[in-house]
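Worksheet: the structure to be examined is printed underneath.
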Amino acid sequence: MDRYDPSEIEARWRGVWEEEHTWEVPNPGQPGFDDSAPKCYVLEMLPYPSGDPHVGHLKNYAIGDAMAHYRRRNGFQVVHPMGFDAFGLPAENNAIKTGEPPRVATERSIEAYRKAFHRLGLSFDWARELSTHEPSYYRWTQWIFLQLLERGLAYRAEALVHWCPVDQTVLANEQVIDGHCERCGNLVEARQLEQWFFRITDYADRLLDDLDTIDWPEHVKTMQRNWIGRSHGAEVVFRCEDVGIDFPVFTTRPDTLFGATFFVLAPEHPDVERLAAGTEHEAAVRDYVNEATRWTPEERGSEERQKTGVPLGRTITNPVNGEQIPMFVADYVLMEYGTGAIMAVPGHDKRDYDFARAFDLPIRRVIAGTDPDESQDDEGLPYSGDGQMVNSGRFDGKQNREAYDEIVAWLESEGRGKPTVHYRLRDWLVSRQRYWGCPIPVVYCETDGIVPLPEDQLPVLLPEVDDYAPKGQSPLAAATDWVETECPRCGGPALRETDTMDTFVDSSWYFLRYLDAHNDHAAWDRAAVDYWMPVDQYIGGVEHAILHLMYARFFTKALADMGHLGVQEPFGRLFTQGMITRDGAKMSSSKGNVVSAAETVERYGADTARTYVCFMGPPAGGGDWTDESVEGVHRFLTRLWRLKEEVAECTSAGESEASAAGATGTPAGALLRKAHWAIDKVTRDIERDFGFNTAIAAVMELVNEAYRVKDDLYGDAAGESALRFATATAASILFPFAPHLGCDVYEAMTGRRVWEDPWPKADPELLASDIFTLVVQVNGKRRAGVEAPADASREELVELARANAAVQRHIDGKEVVKEVVVPGKLVNLVVR
RNA sequence: GCGGCGGUGGCGAAAUGGCAAACGCGAUGGAUUCAAAAUCCAUUGCCCGCAAGGGCUUGUGGGUUCGACUCCCACCCGCCGCACCA
């Protein structure tokens, strides 16, 4: 072989790892378990198998695998599993189009992914592999559902959901794009349907507060905080005497209650019809409500849009001052937040102000002050800041923030209010009227109602059907033999639930199943999970910042509360890698700019593909894929391979552990120093938040240095030994990124297997140097670099600096007023 | 509007408050070759200068400091998330 042939090298090492099951790791108590090594759970988000993996997957798994390798060689026992998130819509859409069962298409994709991952040489423990669509897995998804149901954390209720009239199906929130169906592009309708929910809102406070306990990127934490959207305020009850109904409202500004000059209900509010009935506005209200529900959420929410609404013809009593204020229905009030009704304070709220202007309603100031950059219309109103209260009865003159609690306490004593907390987070709607998902393990019995299936009847197997097209209900409804069953409680006739679960349910606990993947008696063994959890390093795309990561946290907390788990947070540390683009655009099959991982591997080899995605920029950021840059990395790996060939041939495999040869000034010493510098740099960069791009750059520098000096080192024992050491070191520290070549070069240099050797340690003595280049500045500008002994005193350094000709030119004839000395670095002479 | 992140060569980028532009891509020149590819060597922020050398440069403007890409203040621009959230 006279040419770098990745396919040959990679096949050879892959063969060794597969034959020896190198990356499999036992659980505590099993043979081969190492009691002495600390544990480390490295996990990348499991893929949804569709078609072939693209370079986005490549990046995710290259990053995770590098970390797994690095930890192993630092003495950790690393569990690094892989599986497939197999249920989901694309396979079902494909089935509707082609008639091919989703299982068949999915399993074909899984096979393609598995093959690609093997070809990439990823160090997964395949003995723990799982797919969420297998009964042996979803049996336990169903078990968790029943656990949640038993504790009231799963419930069935009516809700407004997105409905596509063309596809005849309910859509998930994430399938609704700008108010339109993701599949057919049609406008989505709102429908009131009975659905299954998980009570994630019970965990809102803990999901929010525990963010402080985990090491996650700040922007992900922020997104979760925003999503949960906790706001503290008060519930205040307004009473409409005309119809004798109490209307509670939620407000974060009870201090502005005296400024409420009107009251607004959302068009969807259930009492709107009753309020308008019998008034002169009845017809107008009905028209308005009908019209309002036709607006898409985007149109309705647009800030440019004029405020619209109609009067209800009723008044309501402001509990703080007894004023009768008019009631309106207007679509700027949303049914899904708060109580669907608001007190309107136009003096201190922009939206209420706009509405008041449009409908010529009174605007009253109750807080003194003016926003500095607001226009001075209406004497500086609306004003949203703080200040002294005015026009507020007995609270006049108080600071609004101080009166805040007092007003709420007073309302509470009157039975007209109380402090409350509101969340933006809503309960998790998990029903899907789809075929390709996990069946929900309950039946509907005429006498017993909703009956959960007993555990011993799990799994509820997904039945085969012929037609996957939705017809207004789940395709499962067509499997009548399956639907018609008997009630486990009374034995009478019962119907199975035909909805399936959101696929996010499947992926909310898979990281637990890996730890005991073949358990037929339980979802997992508590001891195994207690040992490995939490995940020490989770790696995935930022697009999962909210949904998946929030749901998995919720499951972990709920399962911990039930005594099935000992941790409160599933993922101790999270890393989100940036997206790879092509020509600056997101890859998509419609644009035809998808770069296939397999093609890249075919052309350049797995090592080049993996190293490139780690080198293209900081892994946390995005990057644009260019073939020229891939070739650059390929060139580098080729250079390392050729260096190995040459060094193996031209030097004798004697003492490769060069040690004392590090004398300053000799070429061998310089190369050794460079090697130790690279060890130190790569180690620090990997530890420092995935600095893979700079780590790889350091190995490049080492290889470049070896090329520069190699011809001077042949024929000299110390020189040859240094050369072998440098080459072996480059292979050793490049191994996490280019594992096959790393093994190959390391073996040729040392005769050993690199993954069985510990991560190298930089020798501090070789990191230090006895001379250094002293930077000399005059007035902060670099004027010279002078060789100086490392142990020179401050005085000696100043003397050296002043002696330099270039420096003298700049200080000549001037007075040196200050000498700044940073030992080992620089001298700055300040002159006047 | 609120929140988060960022702005450095032709491009991707690098720099514990201490030599701005490491490493890579691209480009230019040279060696090798019948020729090409591959490889190797050199140059490559901008401006003035034959050169030695000098000046300028990290979105803009200020500040702190002997010294600022880095810290502080104000502003401009870009990306991402949320958004008539009461």
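Proteins come first, then strands; the chains are lettered A, B, ... in the order of their sequence lines, and each starts at number 1. Being a predicted model, the structure only gives us computed values, none of them experimental.
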Would you say A:Arg225 places a side-chain N or O within less than 4.0 Å of OP1 or OP2 belonging to B:C82? no

Counting only non-hydrogen atoms, which of residues 690-712 of chain A are less than 4.0 Å from RNA chain B? A:Asn693, A:Thr694, A:Ala697, A:Met700, A:Glu701, A:Asn704

If the cut-off is 4.0 Å, is A:Arg635 near the phosphate of B:G26, judged by side-chain N/O to OP1 or OP2? yes

Is the distance from OP1 or OP2 of B:A83 to the nearest side-chain N or O of A:Arg424 less than 4.0 Å? yes

Tell me yes or no: between the side chains of A:Asn704 and A:Arg639, is some donor less than 3.5 Å from an acceptor? yes

With a 4.0 Å cutoff (strictly under), does any side-chain N or O of A:His810 reach OP1 or OP2 of B:G54? yes

Looking at A:Phe355 versus A:Phe328, is the centre-to-centre ring distance below 6.0 Å? yes

If you look at every strand shown and take non-hydrogen atoms under 4.0 Å, does A:Val333 touch a base, only sugar-phosphate, or nothing? base

I'd like to know if A:Asn226 reaches the base of B:C82 with its side chain such that a donor and an acceptor end up less than 3.5 angstrom apart. no

Under 4.0 angstrom, heavy atoms only, what part of the nucleic acid is A:Lys781 near: base, sugar-phosphate, or nothing? sugar-phosphate

Under-3.5 Å donor-acceptor pair between A:Lys825 side chain and B:C19 base: no

Which nucleotide, if any, forms a Watson-Crick or G-U wobble pair with B:U39, using both distances under 3.5 Å? B:A31

Touch class at under 4.0 angstrom, heavy-atom based, for A:Glu819 against every strand present: nothing

Is A:Arg642 close enough to B:C40 that one of its side-chain N or O atoms is under 4.0 Å from OP1 or OP2 there? yes

Report yes if a donor N or O on one partner sits less than 3.5 Å from an acceptor N or O on the other, where the partners are the side chain of A:Arg351 and the base of B:C84; otherwise report no. no

Taking atom P in both B:C69 and B:G7, what distance in whole Å separates the two? 14 Å

Per A:Met223 side chain, nearest of listed nucleotides B:C66, B:G81, B:G55: B:G81

Looking at A:Trp216, does the NZ or CZ of A:Arg553 lie under 6.0 angstrom from its six-membered ring centre and within 45 degrees of the ring axis? yes

When both hydrogen-bonding distances must be under 3.5 Å and the geometry is Watson-Crick or G-U wobble, what is B:A83 paired with, if anything? none

For B:U44, the Watson-Crick or wobble counterpart (both distances under 3.5 Å): B:G26

Measuring only the P atom in each nucleotide, how far is B:U57 from B:G67? A whole number of Å is fine. 16 Å

Have a look at A:Gly632 and say if it touches a base, only the backbone sugar-phosphate, or nothing, with a 4.0 Å heavy-atom cut-off. sugar-phosphate

Would you indicate what A:Glu628 reaches in the nucleic acid, counting non-hydrogen atoms under 4.0 angstrom: base, sugar-phosphate, or nothing? sugar-phosphate

